[in-house]
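Whatever order the structure lists ligands and atoms in, that order sets their numbers, starting from 1.
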Amino acid sequence: GSGSTGTDDSERTIAGRVDSQDSTVSDGENADPRCTRQNSVSSVSQSLREWDIPYDELDRGEVIGKGRFGIVYSGNWHGHVAIKELRMDYVNDEKTLEAFKAEVVTFRKTRHENLVLFMGACMKPPRLAIVTSLCKGRTLYTHIHVQKDKFNMSKTIMIAQQISQGMGYLHARGIVHKDLKTKNIFLESGKVVITDFGLFNVTRLCHDTRRGNWLSIPPGWLCYLAPEVMRSLRVIQKPDDGLPFTPYSDIYCFGTVWYELLCGEWPHKGLPPEAIIWQVGRGMKPSLANLQASRDVKDILMACWSYQPYERPEFANIQITLNKLPKKRLHRSPSHPIHLSRSAES
Ligand code: ADP
Ligand code: MG
């Protein structure tokens, strides 16, 4: 039985680790005599065994979409699931496989209402896949940027609060999301579900960095990069030099999500990538010209986007601030006619 054993103090001591990739080897399994520091690699294998899903048990259905990670399928495994298959072209060595497994170890520690349910993984090459519950709703990205949905202030705050709760939980468990963005946040009849936490390294494994002298920048990615991450971008990003994602860089991402919720568009709108990289790297924040909001709403944004990582608030503090925001301060005022006439829908 594993249901109630995962929350001892030893697990909490790793909170705030910079990189979750190697933070999970000697975690809260200390009670298990099989798990010793000296034998960490085999303990990873041991604890992974119960999360291993034989590929042929999966009933793979339609393609839902393609991302950097690979192809995402809907499917059936004791109910509806999402199957994220890793592109195997570049995953051809033991080291890469171990890195994948190390990421998988991270997921079994996540049990929270606002986090997608991790169900297991296929860990036998050439079939590497992650199986999670299937999110039924739409992503915040689709709501905001595709459907141009308008959320009123009370709903905006409610969404932000749930994101902070899920993220606060991840950070308390020592897990850095690394890819918090509106595309990874689903809204299921009012409930926020965050996906793809800790997968960024796996994503990186799927990339062929040997092809040319260019840096491939997925659309919409730059505005989530904190200055310190931005400054570490290299034209040739070698697979081994990871970007310096931390809990603080996750907070920066939250700032961007908060901006998207409020403005209905991306920060730095219309700027070419080179200009965004240059400006953010030098400490300039995105323009707030399109944001007509109260001081306290803007303060959250400015704090999350602080140049210095340690000046960004923790999610616990963000929750307190969000709780204090007046939910009725809508943007109906005729003096704010442009972007924040977002009160139409309730
Ligand atoms: P991205 O997050 O950049 O969109 P992904 O590879 O994570 O790329 O996702 C590809 C597609 O699959 C997206 O349309 C995404 O919304 C969808 N998707 C990913 N995970 C799930 C899930 N757990 N449930 C439902 N759809 C999902
Ligand atoms: Mg995703």
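At least one heavy atom of Phe186 sits under 4.0 Å from some atom of ligand 1. Judged by the shortest distance from any of its heavy atoms, Lys84 lies inside the 4.0 Å radius around the atoms of ligand 1. Under the 4.0 angstrom criterion for non-hydrogen atoms, Ser133 is in contact with ligand 1.
A ring-centre distance under 6.0 Å is found for Phe315 and Phe254. Checked against the 6.0 Å centroid criterion, the rings of His143 and Phe151 qualify as a close aromatic pair. Aromatic pair Phe107/Trp51: ring centres not closer than 6.0 Å.
Around the Mg ion (ligand 2), the protein contributes the following N, O or S atoms at distances under 2.8 Å: Asn184 OD1, Asp196 OD2.
Nearest protein heavy-atom neighbour of atom 11 (C) of ligand 1: Gly65 CA, 3.8 Å.
For ligand 1, the atoms lying closer than 4.0 Å to a non-hydrogen atom of Ala82 are 22 (C), 23 (N), 24 (N). Within ligand 1, the atoms closer than 4.0 Å to a non-hydrogen atom of Leu134 are 24 (N), 25 (C), numbered from 1 in the order shown. Atoms of ligand 1 found under 4.0 Å from any heavy atom of Thr132 (numbered from 1 in listed order, with element): 23 (N). Atoms of ligand 1 found under 4.0 Å from any heavy atom of Thr139, numbered from 1 in the order shown, are 16 (O). Atoms of ligand 1 found under 4.0 Å from any heavy atom of Lys181, numbered from 1 in the order shown, are 1 (P), 2 (O), 3 (O). With ligand atoms numbered from 1 in the order given, ligand 1 contributes 2 (O), 7 (O) to contacts under 4.0 Å with heavy atoms of Asp196.
Taking the side chain as every heavy atom from C-beta outward, Phe245 and Glu228 never approach each other to under 4.5 Å.
Using bins of under 30°, 30° to 60° and over 60° for the plane-to-plane angle, the ring pair His112/Tyr169 lands in the tilted bin.
Partners of Lys84 according to the side-chain hydrogen bond (donor to acceptor under 3.5 Å, both in side chains) rule, which considers only residues two or more places apart in sequence or in another chain, are Asp196. Listed by chain and number, the residues in a side-chain contact (heavy atoms from CB on, under 4.5 Å) with Met302 are Lys285, Leu288, Trp305 (sequence neighbours excluded).
Checking His268 against Gln279 by side-chain atom types alone, no donor-acceptor pair falls below 3.5 Å.
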In a table with atom names and distances, give each donor-acceptor pair under 3.5 Å that connects a side chain of residues 72-79 to protein atoms at least two apart or in another chain.
unit_1, atom_1, unit_2, atom_2, d
Asn76, OD1, Gly79, N, 3.3
Trp77, NE1, Glu57, OE1, 3.0

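A cation-pi contact, defined as under 6.0 Å to the ring centre and within 45° of the axis, links Lys183 to Tyr141.
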